[in-house]
Protein chains: 2
Amino acid sequence: MKLSTKGKYGLYAMFYLAQHAGNGPQPLKAVAEIGVPEDYLEQLLGNLRRAGLVTTVRGAQGGYQLAKAPEEITVGDIIDATEGPLTISECLSDEGCCHRSGQCRTRRVWEYLSNSINDLLQSISLRDMLEQEEFGVTKES
Amino acid sequence: MKLSTKGKYGLYAMFYLAQHAGNGPQPLKAVAEIGVPEDYLEQLLGNLRRAGLVTTVRGAQGGYQLAKAPEEITVGDIIDATEGPLTISECLSDEGCCHRSGQCRTRRVWEYLSNSINDLLQSISLRDMLEQEEFGVTKES
DNA sequence: ATGAATGTTGACAAAAATAGTCGGGTATGA
DNA sequence: TCATACCCGACTATTTTTGTCAACATTCAT
């Protein structure tokens, strides 16, 4: 089980935009300096735009910026937009695939894992990352 | 982010073996009735054997059986053996890939996610599945 | 107006991973 | 010794990933 570069690049890009929030639109060329091929990043930003996570300004002096406040955008939102939804098992969406008894029991495991991981991803926002929080750890420095 | 059929088939097979624990070795042909191509399942069971999760008996009347008690085998063990380790980001194993400032900050997110998901996978054993527990939910019914 | 800067779109392609398939081995019980 | 099984490595088709490219649309500055 792994995350592809899409999700990783997507988070890099979104974090970049979060760091530069308020400084006007950031052109693709600038965002790409995080170390991602421009032409590839363009596609990912397109997905992020269609998901409502970034807005764009076309033409000269244009670029990309966050569509919402950093605390309203989660790692889960970003991964979902760039990699597509988490699919632990297609059994969860596609009914009628459990033609054997044992498999219906495993279905409940997939469901539990899927929900848990989604909750986990939703629990971290860009704001958390900006603030360098110890995610999920009770802060008490 | 998704699980491939390897992990899914692997869990099906291990759950089957858990259900038939104590009945002697189960031949590949029997296990394959969970709905997995025999020749493919053989590879997966080979990985599970090398990971120390199943033992085998060769020759006639031979087959596969759990190497340990169901409570000592977790979903995480199985997925790790069949799919390989969870790699949220290769940055976690491969140092020196964070040549840009922002990426080092995202690294902590990968680390946190990776640990959390591993803990989650390790928290469910075959015994839990046999007992149809409500994983992670406080039982009270 | 014009041109440079910039996002938009869809097609294309190389490389890797996935999901099997196959054939020949080796061990063992009846 | 034969049928039943596991063992192992090679092969292949399909899909996914990871880009690349070319043509187009929009806007700003002059």
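So you know, we letter chains A, B, ... as the sequences are listed, proteins then strands, and number each from 1.
Between the base of D:dT20 and the side chain of A:Glu38 there is no donor-acceptor pair shorter than 3.5 Å. Side-chain atoms of B:Glu42 and base atoms of D:dC7 include a donor and an acceptor less than 3.5 Å apart. Side-chain N/O atoms of B:Arg58 and base N/O atoms of D:dA5 include no donor-acceptor pair closer than 3.5 Å.
The separation between B:Asp39 atom CG and D:dC8 atom C1' is 12 Å, rounded to whole Å. Distance CG (A:Leu28) to P (D:dT27): 18 Å, rounded to an integer number of Å. Distance, B:Leu3 CG to C:dA17 P: 17 Å, rounded to whole Å. Rounding to whole angstrom units, CG of residue A:Leu41 and P of D:dC21 are separated by 16 Å. Rounded to a whole Å, the CG atom of B:Leu44 is 15 Å from the C1' atom of D:dC6. In this structure, OH of B:Tyr40 is placed 18 Å from P of D:dG9, rounded to the nearest angstrom. The separation between A:Asn47 atom CG and D:dG19 atom C1' is 14 Å, rounded to whole Å. One atom, CG of B:Leu48, and another, P of D:dC6, lie 14 Å apart when rounded to the nearest Å.
Contact check, A:Tyr9 against D:dG19: a side-chain N or O comes under 4.0 Å of OP1 or OP2. Between B:Thr56 and D:dC7 there is a side-chain polar atom (N or O) within less than 4.0 angstrom of OP1 or OP2.
Residue B:Leu45 is classed as having no contact, given no heavy-atom separation below 4.0 Å to the nucleic acid. No engagement by B:Gly46 is indicated, since no non-hydrogen atom pair under 4.0 Å with the nucleic acid exists. At the heavy-atom level, B:Glu83 lies nowhere under 4.0 Å from the strands shown. At the heavy-atom level, A:Lys6 lies under 4.0 Å from base atoms of the strands shown.
Here the side chain of B:Arg50 is nearest to one of D:dT18, D:dC8, C:dT6, namely D:dC8. Distance from the side chain of B:Ser4 is smallest for C:dT18 among the nucleotides D:dT17, C:dT18, C:dT21. Listed nucleotides D:dC28, D:dC7, C:dT21 differ in distance to A:Gln61; the shortest reach to its side chain belongs to D:dC28. Residue A:Arg49 has its side chain nearest to C:dT9 when only C:dG7, C:dT9, D:dT18 are considered.
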| task | Kindly indicate, with the supporting measurements, whether the criterion side-chain hydrogen bond (donor to acceptor under 3.5 Å, both in side chains) is fulfilled by B:Thr74 and B:Asp77. | result | CA-CA 5 Å; B:Thr74 69; B:Asp77 295 335; 3.2 Å; yes
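In this structure, A:Gln43 and A:Val57 both approach DNA chain D, and ranking their closest nucleotides by distance from the 5' end singles out A:Gln43.
Using a 4.5 Å heavy-atom cutoff, the side chains of A:Asp80 and A:Leu121 are not in contact. Residues B:Ile88 and B:Glu111 have side chains not in contact (no heavy-atom distance under 4.5 Å, counting atoms from C-beta outward).
The aromatic rings of A:Tyr16 and A:His20 lie parallel to each other, with less than 30° between the two planes, well short of the 60° mark.
In this structure, A:Thr106 OG1 and B:Leu126 CG are separated by 11.0 Å, a value rounded to the nearest 0.5 Å.
Heavy-atom contacts from other residues, nucleotides or ligands closer than 6.0 Å to NZ of A:Lys29 number 12 or fewer.
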